Amino acid sequence: MSFPLLTATAVLPALGAIATAAVPATRRTAAKWLALLVSLATLVLAAIVLVRFDPGGDRYQLTESRAWIEDFGVRYELGVDGIAVALIALTALLIPFVILAGWHDADPLETGNTRWRPTQGFFALILAVEAMVIISFEATDVFLFYIFFEAMLIPMYFLIGGFGDRAHEHGEETASTQRSYAAVKFLLYNLVGGLIMLAAVIGLYVVAGNFSLTEIAAARANGSLDMATNTERWLFLGFFFAFAVKAPLWPLHTWLPNAMGEATTPVAVLITAVVDKVGTFAMLRFCLQLFPEASKWATPVILVLALISIIYGALLAVGQRDIKRLVAYASISHFGFIIMGIFAMTSQGQSGATLYMVNHGISTAALMLVAGFLISRRGSRLIADYGGVQKVAPVLAGTFLIGGLATLSLPGLAPFVSEFLVLVGTFARYPVIGIIATFGIVLAALYTLVLYQRTMTGPVKAEVAEMPDLRVRELVVVTPLIVLLIFLGVYPKPLTDIVNPAVKQTMSDVQKKDPQPEVEAAK
C-alpha cells in the first residue's frame, strides 16, 4: 500500500491542532512555535502533492479509497485534480503567514483587569480550519465532503466570536457584543445553507445509491443513471445554495462584512482567502459534474446574481469608511467575477475563475495583512484617522500600494490574468454580461486608489507621526506574497498548466464547447 499522502496532508494540521491546544497555559510562545512548525510541515506535504501531480495524467490522482460506513454507501475516498491541487497549495502557503501575522493577537488583554486569552486555542483553531479545508478539497465522496464542509464552521465560529479585533471605536464591551453578533450570523447563514445541502445529499443518495462522486459522474456520463429533470434541478439548487452562502454570492453575502470586520486581521484573511474558496471550488467539482443539465438551466440567473455581486460589492466598497469592511465588500465583488467565470461555460472563463481563486487569495491576504499591521499601530479601522503614512512608514505604504494595485487587477500583477480570462470567457458567450461586468474594474480602481490616497498621502496626522515601519516579522509575512503576485502576474504558465486539463474535463462534463468567433468571409 502506497503512502497516503492526501490523508497525511489533512491529518498533520489536525494533529497539530490537538498538540497545540494541549500545550500548558504558561507556555504561550511554545504553542505559537509549534503551530508555525506544523503549518510549515503541512506546506512541505502540499508541495509534494503539487510535484507528484501529473497534469497530463488521470483526472483524479493520488487517490485513496477505504470502506467507512458500508451500510449507507459511505466511503473514505480522496483524490485531487488540478483545481484541487492549486487550492491545497494556496491554503498550505497562506496558513504560516496567517499564524505569523497573528503572533500577538491572542496574547493577554489589558482592559482594566487583565483578561487571559487562550493563546493555544487561537492557533489550534487555525490549524483545525486548515485541516478541514484541505480535506474538503480532497474528498471525492459527497458525504465525506459534506461533513468537513459543515465542520469547519465550528472553529471559525470561535475564531470570530472569541478573538475579535482590538481596534474598535466603541470600546471592549460593545466590541464583544458585535463580535458575538458577527459570529452567530456567520454560523446561522452557513448552517442554513448546510442543512439545505444535507437534504440534497440525501436525495442524491436515494437517486444514485451511493455517495461516490466519480461513480455517480461516470454513471451520468454513460447514461446508466438518468435523473428526472425536476429531480436534478432540485438537487442542484440544494447544493448550489450552500455553496453560494459560503462563496458568498449576493444576496447571501451579508454575513461576510460583519465577520471580517469583527475578526482579527489574520482570521479575516482565513475567511476570505481560504474558507470561502471551498464554496466556489465546490461549484466546479460538484454542481457542474453531478448536475450538468441543471447547471446549464440555472446559468442565466446565476450570471445575473454574479453581476449584481460585482457591481454591488464594488459600489459599497467605494462608500466604506472602515478599512476592513472595504476589503470585505471588495471580496464580494471579486467572488462575483469567480462565479461568473465558472458559469460562463467557457474554458477561458473557468480557467480564469480557478486562477482568480488562487490569485485573489494571495492579493487579498497581502492587502489585508498590511492593513492589519497599519491598524495595529494606530488602533483604529477608520480611514479618516489616517493620513501621510507614506512619509513616516514608506515600506508599509509601498506594500499596501502593491496589495491595492493587485486588488484592482493592474496588468503585471497576478489577478489581472485571471480577471482578463474571466471577462474574455464571459464576453464570448454572454457579451452584455461581460460588458457590464467591466464597470466593476473601474469601481475597483476607484475604491483602491481613494483608500490609498486618504490613508497614505497628504499631511501627516499627529496620531501617525511616530508610526514605526514594518518590522522583520511583518516583512517575512508580506514579502513572499508580493513576490508571488509579481511572479504569477508576469509568468502564470506554471499555474495554468496545472488547472487547464481539469477545466477541459469540467467543460466535457457539461457538454459545452467554446463558441467560435464569427469571421466574415473576405469579399
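Keep in mind the model is a prediction, meaning the values are calculated, not measured.
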Could you check L316 against R325 for side-chain contact (heavy atoms from CB on, under 4.5 Å), going step by step and ending with a plain yes or no?
CA-CA 9 Å; L316 265 65; R325 290 178 70 91; over 6 Å; no
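- Remark: side-chain polar atoms of D469 are paired, donor with acceptor, to backbone N or O of L396 under 3.5 angstrom.
- Nearest approach of M283 to A247, heavy atoms of both residues: CE-CB, 4.1 Å.
- Not a single donor-acceptor pair under 3.5 Å links the side chain of R52 to the backbone N or O of L62.
- Looking at K324, its side chain does come within 3.5 Å of a backbone N or O of A263 through a donor-acceptor pair.
- Between the W255 side chain and the V245 main chain, a donor and an acceptor come within less than 3.5 Å of each other.
- R377 contributes a side-chain N or O that, together with a main-chain N or O of P468, makes up a donor-acceptor pair within less than 3.5 Å.
- Ring planes of F337 and Y356: parallel class, angle under 30° (limits at 30 and 60°).
- With contacts defined as side-chain heavy-atom distances shorter than 4.5 Å, the pair F243/I339 does not qualify.
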Take I375 and Y386 through the test side-chain contact (heavy atoms from CB on, under 4.5 Å) and record every step on the way to the result.
CA-CA 10 Å; I375 291 167; Y386 297 88; 3.9 Å; yes
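- Taking CZ of F123 as the start and CG of L159 as the end, the distance is 10.5 Å to the nearest 0.5 Å.
- The distance from the CD1 atom of I83 to the OG1 atom of T506 is 4.5 Å, given to the nearest 0.5 Å.
- A pairwise comparison of heavy atoms in V417 and G489 identifies CG2-O, 4.0 Å as the closest pair.
- Judged by distance alone, the side chains of T407 and Y447 never bring a donor and an acceptor atom under 3.5 Å apart.
- A donor-acceptor distance shorter than 3.5 angstrom exists from the side chain of Q61 to the backbone of D54, with no hydrogens or angles considered.
- The CG atom of L405 sits 5.5 Å away from atom CG of L410, with the distance rounded to the nearest 0.5 Å.
- In this view, F122 and F163 satisfy the ring-ring contact (aromatic ring centres under 6.0 Å, His included) rule, not counting sequence neighbours.
- Here the CD1 atom belonging to I362 is positioned 11.5 Å from the CG atom belonging to L413, to the nearest 0.5 angstrom.
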I383 vs V450, side-chain contact (heavy atoms from CB on, under 4.5 Å): CA-CA, chis, key distance, verdict
CA-CA 10 Å; I383 297 172; V450 168; over 6 Å; no
Given T42 and I95, is the side-chain contact (heavy atoms from CB on, under 4.5 Å) satisfied, shown in steps?
CA-CA 9 Å; T42 304; I95 295 300; over 6 Å; no
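- Under the 4.0 Å criterion applied to side-chain N and carboxylate O atoms, E262 and R381 are assigned as salt-bridge partners.
- At distances below 3.5 Å, not a single donor-acceptor pair connects side-chain atoms of T20 with backbone N or O atoms of A17.
- Distance check: I126 CD1 to T264 OG1 gives 7.0 Å after rounding to the nearest 0.5 Å.
- Between Y452 and Q390, the side chains place a donor N or O and an acceptor N or O closer than 3.5 Å (distance only, hydrogens not considered).
- In this structure, the ring of F335 has its center no less than 6.0 angstrom from the ring center of H253.
- Checked against the 6.0 Å centroid threshold, F400 and F373 do not count as a close aromatic pair.
- In terms of heavy atoms, A365 sits closest to V269 at CB-CG1, 3.7 Å.
- With no hydrogens or angles considered, a side-chain donor-acceptor pair links S331 and T272 at under 3.5 Å.
- In plain terms, the two heavy atoms of G349 and T346 that are nearest each other are N-OG1, 3.1 Å.
- To the nearest 0.5 Å, atoms CD (E130) and CD1 (I99) are separated by 7.0 Å.
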